[in-house]
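Reviewing the structure listed below.
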Protein chains: 2
Amino acid sequence: MTEASALTRNQSLVHNTLRAAEGPLSAYTILDRLRDDGFRAPLQVYRALDKLTSLGLVHRLESLNAFVACAGEHRHGENELIAFAICERCGQVEEFADAIVCERLESWAGDNAFDADKTTIEIRGKCAVCNMA
Amino acid sequence: MTEASALTRNQSLVHNTLRAAEGPLSAYTILDRLRDDGFRAPLQVYRALDKLTSLGLVHRLESLNAFVACAGEHRHGENELIAFAICERCGQVEEFADAIVCERLESWAGDNAFDADKTTIEIRGKCAVCNMA
DNA sequence: CAATTGAGCGTAATGTTATTACGTATTCAT
DNA sequence: ATGAATACGTAATAACATTACGCTCAATTG
């Protein structure tokens, strides 16, 4: 079994909602989609999201105040540096990692004695598909 | 005269508030600091911030929902890619640019036909000074 | 076994951040 | 002068997030 089996009911519901979604969802959108499953309050969602992000199953998109299920099967550790390309038009999010970017940022941190905790990289723009249209 | 002279009264007030601040300020904090200057509503602040960010005089920190005056005299164009290192402890923000990071992200965008509009890079952690303490 | 601890849960209230809507004023090029 | 663009003031509301309180359950451990 995957680690997902360790999730609680609420956590699974939130995780599945995000995985079923086409794109990022806000916490309140998730809440609305889970009303029928007994969700009543924002905190139920935020608590699940906290856990899921700490497990690396979900990412928070800071520039959107929204959340996405981590792409692919490869669950990232909490520390892996992932960049996001967010299409302003269709809402699709592409996730990618770049070793050199990662290295450069770590290098800056090293040079400046900055103890990095969490790094956010988000590119807003138009995806290939929408670029054509 | 600098371009700053082209700013309206409200825009200057907001800009000066940010420049006088030790670190990033939320829109509502700015509002509070400008009550005596006649500010009454959030929109007055948000409108000024919109203008200032489009001029490259102010940056929005997405992971903080807050704003900082652009460091140094070198006003960045709206397009220049700047990274921010944000100390969770003292609130100080360091601003830096890295050509290679920039190049790698542009390269990813090129390869994926993604038309990048605005890119955010924010590192949260502890700064050199706080690291010692 | 009982006591303690830690994670999770439910609910209510509140706090914080941002926008919409509407009308007015000023500036500037035509 | 007139129309377009930009900025302004105010009120209301929407959207996002947290604090506080008390309860349950399971695992640990003394």
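The structure displayed is predicted, hence computed values, not measured ones. So that the names make sense, note that chain A is the first sequence line, chain B the second, and so on, each numbered from 1.
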Exercise for review: Please state whether the rings of A:Phe84 and A:His59 are parallel, tilted or perpendicular, taking 30° and 60° as the class boundaries.
Suggested key: perpendicular
Point to revise | Distance in angstrom units between A:Asp50 CG and C:dA7 P, rounded | key: 13 Å
**Study point:** Phosphate-side-chain proximity, A:Thr8 and C:dG8, N/O vs OP1/OP2 below 4.0 Å
**Key:** no
Revision key, fill the gap. Of the listed D:dA17, C:dT19, D:dC8, the closest approach to the B:Asn10 side chain comes from D:dC8
Check your understanding: Is any side-chain N or O of B:Arg60 closer than 4.0 Å to OP1 or OP2 of C:dA18?
Key -> yes
Review point. Between B:Lys51 and D:dT6, is there a side-chain N or O to OP1/OP2 distance below 4.0 Å?
Key: no
Check your understanding: Expressed in angstrom and rounded to an integer, what is the separation of A:Ile30 atom CD1 from D:dA15 atom C1'?
Key -> 14 Å
Revision key, fill the gap. Regarding the side chain of B:Ser26, the nearest nucleotide among C:dT17, C:dC9, C:dA18 is C:dT17
Check your understanding: When the distance from CG of B:Leu64 to C1' of C:dT16 is rounded to whole Å, what number comes out?
Key -> 13 Å
Practice item. Can you tell me the distance, in whole Å, between the CG atom of B:Leu43 and the P atom of D:dA11? Key: 13 Å
Review point. So B:Ser63 and B:Arg124, side-chain hydrogen bond (donor to acceptor under 3.5 Å, both in side chains) or not? Walk me through it.
Key: CA-CA 9 Å; B:Ser63 67; B:Arg124 310 280 300 261; 3.2 Å; yes
Review point. Start at the 5' end of DNA chain D and walk down; is the nucleotide closest to B:Gln11 or to B:Gly38 reached first?
Key: B:Gln11
**Study point:** Separation of atom OH in B:Tyr46 from atom P in C:dA21, rounded to whole Å
**Key:** 18 Å
Check your understanding: Can a donor-acceptor pair under 3.5 Å be found between the side-chain atoms of B:Tyr28 and the base atoms of C:dA18?
Key -> yes
Check your understanding: To the nearest Å, how far apart are B:Leu55 CG and D:dT6 P?
Key -> 12 Å
Practice item. Examine D:dA17: is either OP1 or OP2 under 4.0 Å from a nitrogen or oxygen in the side chain of A:Asn65? Give yes or no. Key: yes
Check your understanding: Should the ring pair B:Trp108 and A:Phe96 be called parallel, tilted or perpendicular, given that the plane angle runs from 0 to 90° and is split at 30 and 60?
Key -> parallel
Review point. So which nucleotide from D:dT10, D:dT18, C:dA18 ends up closest to the side chain of B:Arg40?
Key: D:dT10
Practice item. Would you mind reading off the distance between B:Leu31 atom CG and C:dT19 atom C1', rounded to a whole angstrom? Key: 15 Å
Exercise for review: Please work out if A:Arg47 contacts a base, only the sugar-phosphate, or nothing of the nucleic acid, heavy-atom cut-off 4.0 Å.
Suggested key: base
Review point. Is a side-chain donor or acceptor of A:Glu62 paired with a backbone partner of B:Glu122 at a separation under 3.5 angstrom?
Key: no
Check your understanding: Just to confirm, is there a sub-4.0 Å distance from OP1 or OP2 of C:dC9 to any side-chain nitrogen or oxygen of A:Gln44?
Key -> no
Revision key, fill the gap. Result for side chain to side chain donor-acceptor pair (under 3.5 Å) between A:Arg60 and one of A:Asp50, A:Thr53, A:Asn65 points to A:Asn65
Review point. How many Å lie between CG on A:Leu13 and P on C:dG10, as a whole number?
Key: 10 Å
